[in-house]
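Just so it is clear, the structure is predicted and the values come from calculations on it, not from any experiment. FYI, side chains are in, hydrogens and waters are out, and symmetry mates aren't considered; it's all heavy atoms of this structure. To find a chain, count down the sequence lines: A is the first, B the second, and so on, and within it residues start at 1.
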There are 2 protein chains.
Amino acid sequence: MSLRIAIFDDNKNIRQSITLLISTNPDMEVVGSFGNVLNCVNDCLKCEPDIVLMDIQMPGMSGIEAVQLLKQELPTIQILMQTVFEDDDRVFDAICAGASGYVLKDDLKNKLIDAIKELHFGGSPMSPSIARKVINKLQIPEKISKSTVNEYKLTPREKEVLLCIVNGLSYKMVAAELFISYETVRSHIKKIYEKLHVASLTEAVAKAIKQGIV
Amino acid sequence: MSLRIAIFDDNKNIRQSITLLISTNPDMEVVGSFGNVLNCVNDCLKCEPDIVLMDIQMPGMSGIEAVQLLKQELPTIQILMQTVFEDDDRVFDAICAGASGYVLKDDLKNKLIDAIKELHFGGSPMSPSIARKVINKLQIPEKISKSTVNEYKLTPREKEVLLCIVNGLSYKMVAAELFISYETVRSHIKKIYEKLHVASLTEAVAKAIKQGIV
DNA sequence: TAACATATCCCCACTTTTGGGGATAAGAAT
DNA sequence: ATTCTTATCCCCAAAAGTGGGGATATGTTA
């Protein structure tokens, strides 16, 4: 059975050349070709593609929004983005929205067929430079959480108490959970407030989660 | 000036064959070759590599921990991981720890030189299947935050109130901030509790942050 | 040994939050 | 025209949290 492919691109010439390119491959067929994404969900419901080629820049609704919609309604569809520039944020947004891979338009002739095959095989084709950007984004939250964890110097017990609080337990419940008295919980909380420079449970919870302390 | 490369791999044969492979390229030179990572930071301080090839599985300390240490002490070093298997979690951990790229040991002969070049050029070489796994990990938090934001159907006003609470304001302060009465704040909070299925400020704050509502 | 950190517990008075009602007005949806 | 949603406000009594004091015991460090 051949791979069913749908194309979304506002440039008719590009759609045609992609269609031509794909038609040279016996294992693939173009089942739809659309110049806008306004009805992308319905379009895909009709032509039932396995893989969607989506231009990142589309008139009306952006390709990124379209990805989000498509993935929501038809989560099994694999989406391959195409773009002219390697634009950090747009690429990242597209991937977050549910795109599985990436090709530059310059490379279409050389890499499109391979990219489609890789996508179908469970991979995510993307240029190394895009991969680096994705990785960079991924590493930011890790850096925050790992570097600041010990800045506050909470003791193990204080972390336990804080974790309980973050999980929604009241002082009483924390006391029961940790087999200590209500007053001991209070003592720990007081220390936590000092160390975190906060003055209420809500602030402590917010800081604990945002800074990755728990 | 040629690229300075250090190798960390517990298998001597592999180190030798990598050295041989690299020596065929005039733009690269192996400046260090080590069978363990116990002194990796000192080793790298001495031989000053631009790029480190690190086996993900090392005796004593794992390659992942080594990556973390190296990146902490020598953040400019680019690290290329090598592994036998495409192990989701380990790969992901290595990348979070600071690795910039990835090659399978099977592919060394074909891809190592290219991978090193790409790494140095600012890219992140990795197989499409690894890229997919990285993307998958990346999409998890996004999916939670983007898909559940509207699930709770908080009104704009309720979101404002919740945001204030998350920022550590008390009911009184929220009232002052939003120019409404204390009782109105309470009404909103009650509604928020219902919609979020929580019963305390701390739970609301935790849920709001974790689910990306604010 | 003395100073320090951790973990445990206690009291009082005060503030804040919570649960349970209820009410009004403006605007959107049926 | 009526229902629904949103946003606003009110009261009371109970529960929970906060601030500012203490105290004791067990270790570790200097």
Side-chain angles (χ1 to χ4, degrees), chain A residues 145-214, chain B residues 145-214:
Chain A
S145 60
K146 299 220 164 170
S147 64
T148 52
V149 163
N150 300 318
E151 292 306 309
Y152 299 105
K153 288 176 187 161
L154 295 186
T155 67
R157 201 55 164 169
E158 284 159 5
K159 278 184 195 169
E160 281 184 87
V161 172
L162 184 52
L163 182 61
C164 289
I165 293 296
V166 167
N167 287 333
L169 302 189
S170 68
Y171 288 14
K172 260 189 204 170
M173 295 159 88
V174 175
E177 180 75 20
L178 301 180
F179 304 108
I180 53 180
S181 88
Y182 174 87
E183 290 297 331
T184 305
V185 175
R186 289 203 55 206
S187 296
H188 288 306
I189 298 279
K190 286 175 189 174
K191 275 282 177 191
I192 292 170
Y193 281 14
E194 268 181 42
K195 291 181 180 179
L196 260 50
H197 305 295
V198 299
S200 71
L201 273 191
T202 50
E203 282 183 279
V205 167
K207 202 151 190 171
I209 298 175
K210 285 181 185 167
Q211 315 263 311
I213 297 171
V214 290
Chain B
S145 59
K146 299 218 167 171
S147 66
T148 53
V149 164
N150 302 318
E151 290 306 310
Y152 300 106
K153 289 174 187 161
L154 296 186
T155 68
R157 201 54 163 170
E158 285 159 5
K159 278 183 194 169
E160 280 184 88
V161 172
L162 184 53
L163 182 61
C164 289
I165 294 295
V166 167
N167 287 332
L169 275 60
S170 68
Y171 288 14
K172 261 188 204 170
M173 294 160 87
V174 175
E177 181 74 21
L178 302 180
F179 305 107
I180 53 180
S181 88
Y182 173 87
E183 289 298 331
T184 305
V185 176
R186 290 204 54 206
S187 295
H188 288 307
I189 298 278
K190 286 175 188 173
K191 274 284 177 191
I192 292 169
Y193 281 13
E194 267 181 42
K195 292 181 179 179
L196 259 53
H197 304 296
V198 297
S200 71
L201 275 191
T202 52
E203 281 183 279
V205 167
K207 203 152 190 171
I209 298 176
K210 285 181 184 166
Q211 316 261 311
I213 298 170
V214 290

Degree of bending in the helix from C/dA3-D/dT28 to C/dT30-D/dA1 once both end axes are built from five pairs, to 10°: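 Computed angle between terminal axes is 50°.
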
Start at the 5' end of DNA chain C and walk down; is the nucleotide closest to A/Leu178 or to B/Leu169 reached first?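 This one resolves to A/Leu178.
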
Got a list of side-chain donor-acceptor pairs under 3.5 Å for residues 168-178 of chain B, not counting sequence neighbours?
| residue | atom | partner | partner atom | Å |
| --- | --- | --- | --- | --- |
| B/Ser170 | OG | B/Met173 | N | 3.3 |

Residues in side-chain contact (heavy atoms from CB on, under 4.5 Å) contact with [X], at least two apart in sequence or another chain:
X        : value
B/Glu203 : B/Val198, B/Ala199, B/Ser200
B/Ser187 : none
A/Glu183 : A/Ser181, A/Arg186

Smallest heavy-atom separation, A/Ala206 atom then B/Ile209 atom, equals CA-CD1, 3.4 Å

Tabulate atom names and distances for all N/O pairs under 3.5 angstrom spanning the protein and nucleotides 28-30 of chain D.
none

Please list, in 5' to 3' order, the outermost nucleotides of DNA chain C lying under 4.0 Å from any heavy atom of chain A. C/dT6 to C/dC12

[atom1]-[atom2] distance between [X] and [Y], expressed to the nearest 0.5 angstrom:
X        : Y        : atom1 : atom2 : value
B/Leu201 : B/Ile165 : CG    : CD1   : 5.0 Å
B/Asn167 : B/Leu162 : CG    : CG    : 9.5 Å
A/Glu194 : A/Glu158 : CD    : CD    : 9.0 Å

What salt bridge (charged side-chain N to carboxylate O under 4.0 Å, His left out) pairs are there with at least one residue in residues 160-170 of chain B, not counting sequence neighbours?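 Those involving residues 160-170 of chain B are B/Arg157-B/Glu160.
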
Mark yes or no for whether B/Lys195, through its side chain, and B/Lys153, through its backbone, hold a donor-acceptor pair below 3.5 Å.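 Side chain of B/Lys195 to backbone of B/Lys153, a donor-acceptor pair under 3.5 Å: yes, one is there.
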
Distances under 3.5 Å between nitrogen or oxygen atoms of protein and nucleotides 12-16 of chain D:
| residue | atom | partner | partner atom | Å |
| --- | --- | --- | --- | --- |
| D/dC12 | N4 | B/Arg186 | NH1 | 3.4 |
| D/dA16 | OP2 | A/Lys172 | NZ | 2.8 |

May I have all residue pairs that pass ring pair (Phe, Tyr, Trp, His ring centres under 6.0 Å) and include part of residues 188-212 of chain A, sequence neighbours excluded?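 Residue pairs with at least one partner in residues 188-212 of chain A: there are none.
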
Within residues 189-201 of chain B, those residues having any heavy atom closer than 4.0 Å to DNA chain C are B/Lys190, B/Tyr193, B/Ala199, B/Ser200, B/Leu201

Sequence-distant partners of B/Lys191, salt bridge (charged side-chain N to carboxylate O under 4.0 Å, His left out), two or more places apart: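 Not a single residue meets the salt bridge (charged side-chain N to carboxylate O under 4.0 Å, His left out) criterion with B/Lys191.
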
Could you tell me whether A/Thr155 contacts a base, only the sugar-phosphate backbone, or nothing, with contacts defined as non-hydrogen atoms closer than 4.0 Å?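 The answer is sugar-phosphate, as A/Thr155 gets under 4.0 Å only of primed atoms, P, OP1 or OP2.
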
Nearest whole angstrom, please: distance from the P of D/dG27 to the CZ of A/Arg157.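 One finds 15 Å between P of D/dG27 and CZ of A/Arg157, rounded.
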
